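First the structure, in the form of structure tokens, and then the observations on it.
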Amino acid sequence: MIPNGPALASHDLDLYYGEVQALKKITLEVPQGRITALIGPSGCGKSTFLRCFNRMNDMIEGVRVEGRVLVEGEDVHHPDLDLERLRKRVGMVFQRSNPFPMSIRENVSYGPRMAGVRGRDRLDEIVERSLKQADLWVEVKDRLDSSALDLSGGQQQRLCIARALANEPDILLLDEPASALDPISTAKIEETLLQLKDQYSILIVTHNLQQAARVSDWTAFFMLGELVEFSDTTTMFTNPSEKITEEYITGRFG
Amino acid sequence: MHRQFEAELDEIKRTILTMAGLVERCLVDVARALTTGDAAVAESVIAMDDEIDQYEVTIDRLATEFIARHQPTATDLRFVIVAIKLGPELERVADNAVNIAERVRDMDASLMTNPLKDLLRMLGLAQAMVNDAIAAYVARDAGTAREIIRRDDEVDSLYWQLFRELLHFMVDHPDKISRAIDLILMARFVERIADQATNISEQVVYLVEAREIRHVRDGGSRDEGGSS
Amino acid sequence: MRGSEPSRPSLITDRVALPPGLPGVWTTALATVLVLVMLGMLLWIVVVNAFAWFWPAAVCRVVETDGAEHVGIVVGHEEAPARAGGGRELRLQLKVGNRDLDGRDFLWLDERDIAAIDRPQSLVRVVRAEYGDAFGEIVGAVGPDGSPIAADDEALGRLLADGARWRAERRRLEDRLAEARRPLTRLEEELDLRERSVRADTEEGRAAIAALELAAGELASQLGPTLDGIERELARVVEDLVTARLAISAGDRDLEVTMDQVVEVSWPNRMGLPAKIATALRQGVTFLLSEPREANTEGGIAPALFGTVLLVLLMSVAVVPLGVVTAVYMTEYARPGLLLRLANQAVNNLAGVPSIVFGMFGLAFFIYGVGGAVDRTFFSDRLPTPTFGTGGLLWAALTLALLTVPVVVVATREGLLAVPRSWRDGSLALGATQWQTLRRIVLPAAMPGILTGLILAVSRAAGEVAPLMLTGAVKLAPSLPVDATFPFLHLQRKFMHLGFHIYDVSMQSPNVEAAKPMAFATTLALLLLVVLMNLAAIVIRRRLRRAYRGQTV
């Protein structure tokens with residue numbers, strides 16, 4: 001880990017789904033301790049790009065990656081890479097919340113348990129810390145053993161955030177985490193992300209421009225698999241350099 | 001989101017208040033300069049102008065960024081819009097104070113007491129109006145704001161009174177015409193300061209009640225604020 | 001309302017006589033009703049026919065017009081063949097029992113030949129150890145010492161109680177004897193096997209036989225006194241049983257039944273409804289818990305029941321891991337492609353193979369092939385008597401496992417595919433390995449599907465007869481596959497099975513008419529067993545489904 005280096009980086013990243021090229025020569029550095037948003041019209045590759053960093057694209061048939069993808073300075077496609085360790089270092093929250101059919105406690109402690117952490121006290125500590133960080137502790141502390149499926153949508157998503165945080169990652173990847181939620185739950189999640197900002201480096205894909213404007217420090221605009229523009233959020237929303245960026249942000253298309 | 005939102009909103013308000021504080025100090029110093037004829041005090045007023053100008057730019061920048069990032073609505077939106085409008089008004093108040101200070105600096109020590117007393121009274125009223133308008137803004141008090149708008153009439157009538165006085169004086173003392181003209185000009189500047197205070201009050205009413213009272217036939221005021 | 005456009009038809013229509021979709025609804029409803037009716041009929045026929053086995057029927061005395069008297073239970077009515085004079089007549093089927101008298105169990109009497117039928121309360125039904133039921137009136141009794149006893153209720157009651165006691169005592173003594181004799185029995189069996197073995201003529205074979213004979217002789221003299229003691233006691237009891245007897249008059253005939261032969265005595269005509277119900281229930285319990293008699297046409301189905309349950313258990317133990325692991329590999333690990341598609345097809349097709357073919361496969365591969373090899377390797381000294389080289393519980397269970405494996409594989413596969421992808425992705429994204437994801441998330445969530453497969457497999461195992469006939473189910477097994485001797489579970493033993501029992505009783509029994517109720521009673525038992533096992537699995541599955549909400553299976 002290079003001190004003050006980028007949390008995530010890609011150099012000339014090309015990604016193919018079979019014959020179709022989904023990402024074209026993406027070179028981007030995501031800064032540490034900040035929230036970076038990826039915006040762009042549907043199908044522009046932003047989620048695909050996000051998934052490169054924890055190698056979740058490996059699940060998909062026929063995926064081919066060229067170029068370098070670095071997490072904390074290390075190449076994630078290195079043959080000796082410890083995949084499980086990568087995925088603990090880089091946590092992910094999905095578009096639709098996906099709590100496991102278990103209790104809240106078991107959900108949050110899943111990552112550490114799979115990593116070999118034992119001991120009721122230790123695990124309880126982790127569960128409490130993670131739920132507090134995700135701003136869910138107060139609401140569920142009296143029913144940690146009830147099923148996670150009984151929570152509301154917004155609560156479930158915060159549970160998923162807590163679950164990812166339980167692994168004590170350095171980086172959080174969020175793929176449209178609030179797109180399925182009502183405005184109040186969305187606001188809660190955004191608030192949580194802002195609180196987490198200092199300790200974690202956050203990369204969030206969102207199709208909601210206002211959300212990107214509200215929450216992020218840096219914004220990257222993707223289109224048709226290419227990185228069109230990357231700048232600090234204020235500039236991006238008051239005076240973008242590229243014409244297409246301006247047209248997208250002002251809602252002229254997409 | 002809430003915290004950052006409130007924090008940035010707060011920053012805008014604080015910047016306006018800081019700017020208003022500086023403007024109020026300008027007015028206090030101008031009054032002193034007029035009373036004592038102290039050129040040094042007049043200079044210090046003129047020196048503050050640049051700093052006050054910068055605040056106008058800062059407020060605009062903060063407000064623009066806030067709108068771009070947070071898309072405020074309702075009261076928050078009106079607040080930001082009003083902030084954008086208050087900047088220039090305060091800046092113009094400062095400019096008018098500077099204009100008065102320049103006249104004081106260039107005038108010699110011999111002054112006419114009577115017209116000067118009236119002028120000082122006018123300035124006092126205008127000062128009060130500016131201070132009260134800012135206070136009404138902070139307190140979101142539309143009632144006081146409306147009352148301030150009514151006080152403008154007094155300042156206007158004082159101005160015309162002074163004008164007629166000095167006109168007579170110029171006829172009687174042709175050798176002191178330039179000094180009389182200086183006084184008339186200074187009175188004009190003060191009258192404009194009062195108008196700017198009125199504009200600020202109109203914005204306060206808009207902020208609090210979402211009601212537009214500019215350019216309205218009844219109950220409104222003449223919009224005279226002009227640039228300096 | 002826009003004025004210039006032509007108005008559209010009102011949303012409220014006139015009532016149409018027959019809404020267009022209705023015939024479709026009726027047709028589909030009709031089909032459903034048909035299915036339900038057939039199911040109902042199935043149950044009805046089984047229950048009604050099994051009823052005769054459990055319900056204590058009245059014993060009748062029938063007097064013919066020519067004065068002949070018969071005693072028995074009216075089992076059915078049928079149409080008599082037309083006689084001169086026309087008209088339709090009924091003919092009675094009377095079960096007279098007392099088979100030992102003249103070999104007949106049933107008598108058919110035309111209604112017109114019957115002068116009177118009545119049901120005297122003194123008529124009795126005696127269930128016997130051999131030769132079936134006896135019907136008639138008890139006219140006398142003899143005690144254990146040979147002296148006559150009055151035929152009144154009190155004395156008879158005492159005699160019957162004594163008889164029950166003696167029979168229990170005899171059973172106990174017989175068990176004790178067998179128990180005491182067991183080491184010797186084992187040696188004798190071993191000796192017998194060796195004498196018949198191929199190696200009997202060899203040097204070592206003869207030496208082994210000699211050693212065994214010596215040991216057997218020693219053990220016999222050791223056990224001698226103990227055994228003699230028990231045998232003497234036993235002889236005493238048996239004598240009592242054989243001496244004490246009932247004298248019964250059945251219509252025109254007389255017979256004697258020793259207490260030795262008496263299983264149960266009842267007076268059906270004296271029973272009110274509650275007594276009959278109690279008797280029926282008791283009969284049900286006896287049916288389930290006792291051993292068969294009279295070539296499976298009498299007694300109970302306990303060994304068949306036990307054998308079926310044991311078979312199902314063994315089969316489940318074999319098929320669930322095999323099926324689940326196969327499905328897991330095919331769904332989670334195998335690389336998609338032509339080979340995987342072929343494998344899938346093969347499994348699907350396997351489900352359509354006729355069960356008798358599996359029986360033949362079991363015979364050839366498991367019994368002759370593997371069993372033969374096992375015998376040659378481990379039990380060579382017993383040859384040519386096969387140990388595992390012949391039908392037995394293990395081979396039957398494995399054959400059935402193969403038979404039902406496609407069902408389990410397909411059901412497990414469906415269960416696995418139904419696990420939402422989001423759960424798998426979520427687990428992997430948290431740094432779990434594929435195996436951990438499988439074990440902690442996917443398999444538990446697929447449990448309902450696996451259980452579905454198991455339910456289907458169990459139903460087939462309980463009911464399939466053809467493959468079992470070839471691989472180890474028998475009409476009458478000498479012992480249960482589970483007993484107190486090591487290794488306690490004897491997988492090479494032949495066993496009894498409910499499905500096979502039904503077939504045997506219906507087709508192979510010497511007295512088909514008498515066996516009919518027994519066959520249906522066994523059918524009812526089989527049905528209930530399967531329903532019970534399915535219910536248990538369904539309850540478990542429902543509880544699991546509730547815990548694993550959020551999926552579609």
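Because the structure is predicted, anything quoted here is derived from the model rather than measured. All chains are named by letter (A, B, ...) in the order of the sequence lines, taking the proteins before the strands, and each is independently numbered beginning at 1.
Under the rule for a side-chain contact (heavy atoms from CB on, under 4.5 Å), the partners of K141(A) that lie at least two apart in sequence or sit in another chain are W137(A).
Remark: R122(A) CZ is loosely packed, at most 12 non-hydrogen atoms of other residues, nucleotides or ligands lying under 6.0 Å away. Residue L339(C) places its CG atom among 12 or fewer non-hydrogen atoms of other residues, nucleotides or ligands, all under 6.0 Å distant. Remark: Y16(A) OH is packed, more than 12 non-hydrogen atoms of other residues, nucleotides or ligands lying under 6.0 Å away.
Here the shortest heavy-atom pairing between W423(C) and F100(A) reads O-CE2, 3.4 Å. When all heavy atoms of L430(C) and N167(A) are compared, the closest pair comes out as O-ND2, 3.0 Å. The two residues K88(A) and G431(C) make their nearest non-hydrogen contact at NZ-O, 3.2 Å.
For the atom pair OH (Y110(A)) and CD (Q436(C)), the distance works out to 6.5 Å, reported to the nearest 0.5 Å. Put simply, OG on S427(C) and CZ on R87(A) are 9.5 Å apart, with the number rounded to the nearest 0.5 Å. Taking CE of M114(A) as the start and OG1 of T433(C) as the end, the distance is 8.5 Å to the nearest 0.5 Å. The line from CZ of R96(A) to CG of D425(C) is 14.0 Å long, rounded to the nearest 0.5 Å.
Both the backbone and the side chain of R163(A) come within less than 4.5 Å of a heavy atom of chain C. Of the atoms belonging to R440(C), heavy atoms from both backbone and side chain fall under 4.5 Å from chain A. Contact annotation for P169(A): neither backbone nor side-chain heavy atoms come within less than 4.5 Å of a heavy atom of chain C. With a 4.5 angstrom heavy-atom cutoff, V93(A) does not touch chain C via any of its atoms.
Using modelled atom types, no side-chain atom of N54(A) and backbone atom of A429(C) make a donor-acceptor pair closer than 3.5 Å.
Using a 4.5 Å heavy-atom threshold, the side chains of R421(C) and M59(A) count as touching.
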